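Before any comments, here is the structure.
The structure displayed is predicted, hence computed values, not measured ones.
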Amino acid sequence: MSQELPSLNALHAFEAVARLHSVSRAADELHVTHGAVSRQIKTLEEQLGVALFVKEGRGLRPSDAGLRLRDAASEAFERLRTACAELKRQSHDAPFVLGCPGSLLARWFIPRLDRLNRELPELRLQLSASEGELDPRRPGVDATLCFAAPPWPADMQVFELAAERIGAVLSPRYAGHAALIDAPASALLGVPLLHTVSRPQAWPQWAAAQGLAVERLQLGQGFEHLYYLLEAAAAGLGVAIAPQQLVADDLAGGRLLAPWGFVETPARLALWVPGRTRDSRAERLAQWLRAELGG
């Protein structure tokens with residue numbers, strides 16, 4: 001005789017907490033309250049007769065029993081997510097939902113969106129933008145386009161599209177433009193540099209590649225997101241650092257200049273697809289993106 005399973009809601013809450021190591025983040029993902037998740041965990045522990053978590057600093061980590069249940073629950077829910085996603089993809093009415101950082105969406109993707117829709121109309125592409133850390137496994141998203149560095153996770157299909165190349169950019173409107181345009185890269189060591197708090201390693205990476213002393217960099221005005229940083233640079237407020245792909249149109253139009261070129265980083269612009277099941281729509285999108293980036 002088969003034994004009755006605990007509540008699936010409780011197992012779902014447990015799996016989210018075990019994966020995210022946080023009741024609060026699990027509650028946000030499940031769109032319920034912190035208290036609701038805590039009650040589900042408590043109920044599950046009472047039903048099973050074991051403690052599933054132990055406190056670790058300000059967070060939680062699974063106990064030995066919790067690790068066993070986490071592995072089983074994670075596999076089961078991933079199989080359910082994959083099956084449901086496949087069923088959705090079989091529907092001709094279902095759009096292809098692409099997650100994308102807002103800066104990449106605004107500065108590179110949207111100018112090419114009309115062409116993509118004409119050339120891949122079967123995708124019925126729907127965009128989901130975010131400036132926070134993107135979770136390519138979050139429900140409701142078929143794929144995520146973002147910059148990241150390998151190694152790639154085993155539970156994702158990752159289509160590498162292009163190497164990330166970063167460089168210093170400034171506007172012809174910038175007051176120090178004339179003094180910098182023909183100067184060596186070392187001239188930037190005396191300039192307060194525009195930067196973004198979401199990518200603190202960008203300037204040090206660029207400086208190291210240029211053979212400059214990283215400790216001599218002077219950071220000036222900071223911005224929360226890359227999009228605002230580049231708008232500030234375009235307005236002539238200073239020298240910024242950016243991936244080449246995100247300023248390609250600005251460079252072509254003379255809105256921004258890159259006097260010292262671009263250097264490659266370990267990161268790649270890649271299309272992340274949850275699960276390991278082949279998705280022909282993601283493959284067609286990856287092929288289109290590669291061609292567009294190559295052009």
**Prompt:** Would you find a donor on one side and an acceptor on the other, under 3.5 Å apart, between the side chain of R290 and the backbone of F159?
**Reply:** no
**Item:** Donor-acceptor contact below 3.5 Å, side chain R61 vs main chain E56
**Value:** no
**Item:** Any donor-acceptor pair under 3.5 Å from S63 side chain to A51 backbone
**Value:** yes
**Prompt:** Is the CD atom of Q201 crowded by more than 12 outside heavy atoms at less than 6.0 Å?
**Reply:** yes
**Request:** Determine, stepwise, if the pair T43 / F14 fulfils side chain to side chain contact (heavy atoms under 4.5 Å, CB included).
**Result:** CA-CA 10 Å; T43 298; F14 163 79; over 6 Å; no
**Asked** Is any side-chain heavy atom of L170 less than 4.5 Å from a side-chain heavy atom of P259?
**Response** yes
**Fill in**
Rounded to the nearest 0.5 angstrom, the CZ-CZ distance for F147 and R199 is 8.0 Å
**Message:** Ignoring hydrogens and geometry beyond distance, is a side-chain donor-acceptor pair present between W288 and E119 at under 3.5 Å?
**Reply:** yes
**Asked** Any donor-acceptor pair under 3.5 Å linking the side chain of D142 with the backbone of V97?
**Response** yes
**Asked** What heavy-atom pair brings R268 and A163 nearest, and what distance separates the two atoms?
**Response** CD-CA, 3.5 Å
**Item:** L188 CG to R216 CZ distance, which is reported to the nearest 0.5 Å
**Value:** 11.5 Å
**Fill in**
One should read off an interatomic distance between L194 CG and E231 CD, to the nearest 0.5 angstrom, of 12.5 Å
**Item:** E75, CD atom: more than 12 neighbouring heavy atoms under 6.0 Å
**Value:** no
**Prompt:** Among L113, L98, L145, I110, whose side chain to side chain contact (heavy atoms under 4.5 Å, CB included) with L105 holds?
**Reply:** I110
**Request:** Measure centre to centre between the rings of F223 and H195, then say whether the value is under 6.0 Å.
**Result:** no
**Request:** State whether R118 and D114 are salt-bridged, where the test is any N-O pair (Lys NZ or Arg NE/NH1/NH2 against Asp/Glu carboxylate O) under 4.0 Å.
**Result:** yes
**Complete:** In terms of heavy-atom contacts, V37 and A13 come closest through CG1-CB, 4.3 Å
**Asked** Between atom CZ of R79 and atom OG of S74, what is the distance when rounded to the nearest 0.5 Å?
**Response** 13.5 Å
**Asked** Got R68 and P62 here, is their nearest side-chain heavy-atom distance under 4.5 Å?
**Response** no
**Message:** Checking side-chain polar atoms at under 3.5 Å, does T265 have a donor or acceptor matched by the opposite partner on E164?
**Reply:** yes
**Rounded distance [0.5 Å steps], OG in S103 versus CG in L229** = 9.5 Å
**Asked** Could you give the distance from CD (Q210) to CD (Q205), rounded to the nearest 0.5 Å?
**Response** 12.5 Å
**Item:** Candidate pair S7 and L44, rule side chain to side chain contact (heavy atoms under 4.5 Å, CB included), full reasoning
**Value:** CA-CA 8 Å; S7 160; L44 186 59; over 6 Å; no
**Message:** Assess the residue pair S198 and T196 against the criterion (side-chain hydrogen bond (donor to acceptor under 3.5 Å, both in side chains)); give the C-alpha distance rounded to whole Å, side-chain angles, the decisive distance to 0.1 Å, and a yes or no.
**Reply:** CA-CA 5 Å; S198 63; T196 174; 3.0 Å; yes
**Closest approach of P6 to L11 (non-hydrogen atoms, all atoms of both residues)** = O-CD1, 4.1 Å
**Fill in**
For A106 and P111 the tightest heavy-atom approach is O-CD, 3.7 Å
**Complete:** In short, G238 meets Y174 closest at the heavy-atom pair CA-CE1, 3.6 Å
**Asked** Would you say Q218 has more than 12 foreign heavy atoms packed within less than 6.0 Å of its CD?
**Response** yes
**Asked** Are R173 and H177 close enough, and set up right, to give a side chain to side chain contact (heavy atoms under 4.5 Å, CB included), and what steps lead you there?
**Response** CA-CA 7 Å; R173 301 166 59 188; H177 160 263; over 6 Å; no
**Request:** May I ask you to test the I241-L193 pair for a side-chain heavy-atom distance under 4.5 Å?
**Result:** no
**Request:** Taking the side chain as every heavy atom from C-beta outward, state whether L289 and L269 have any atom pair closer than 4.5 Å.
**Result:** no
**Item:** Under-4.0 Å salt bridge between E292 and R112
**Value:** yes
**Request:** Say whether V54 and L60 are linked into one hydrophobic cluster, either directly or through other cluster members, by side-chain heavy-atom distances under 4.5 angstrom.
**Result:** no
**Item:** CA sep, side-chain torsions, deciding dist, call: L271, V158, side chain to side chain contact (heavy atoms under 4.5 Å, CB included)
**Value:** CA-CA 6 Å; L271 185 70; V158 180; over 6 Å; no
**Request:** Taking E45 for its side chain and L52 for its backbone only, find out whether a donor-acceptor pair lies under 3.5 Å.
**Result:** yes
**Item:** Side-chain ion pair, E78 and R19, N-O less than 4.0 Å
**Value:** no
**Main-chain N/O of A183 paired to W260 side chain as donor or acceptor, under 3.5 Å** = yes
**Asked** Going hydrophobic residue to hydrophobic residue with side-chain gaps under 4.5 angstrom, can you get from L237 over to L257?
**Response** no
**Fill in**
Tightest non-hydrogen contact, residues W206 and I166, listed as CD1-O, 3.8 Å
**Prompt:** Does the side chain of N9 come within less than 4.5 Å of Q40's, by heavy atoms?
**Reply:** yes
**Message:** Tell me if the CZ atom of R115 is crowded by more than 12 foreign heavy atoms within 6.0 Å.
**Reply:** yes
**Asked** For Y228, does the OH atom sit with more than 12 other heavy atoms under 6.0 Å from it, leaving out its own atoms?
**Response** no
**Message:** Do L67 and L48 land in one hydrophobic cluster if side-chain heavy atoms of ILVMFWY residues count as linked below 4.5 Å?
**Reply:** no
**D249 with R255: basic N within carboxylate O range, under 4.0 Å** = no
**Pair W152-Q157, side-chain donor/acceptor within less than 3.5 Å** = no
**Item:** Heavy-atom donor-acceptor pair, R165 side chain to F262 backbone, under 3.5 Å
**Value:** yes
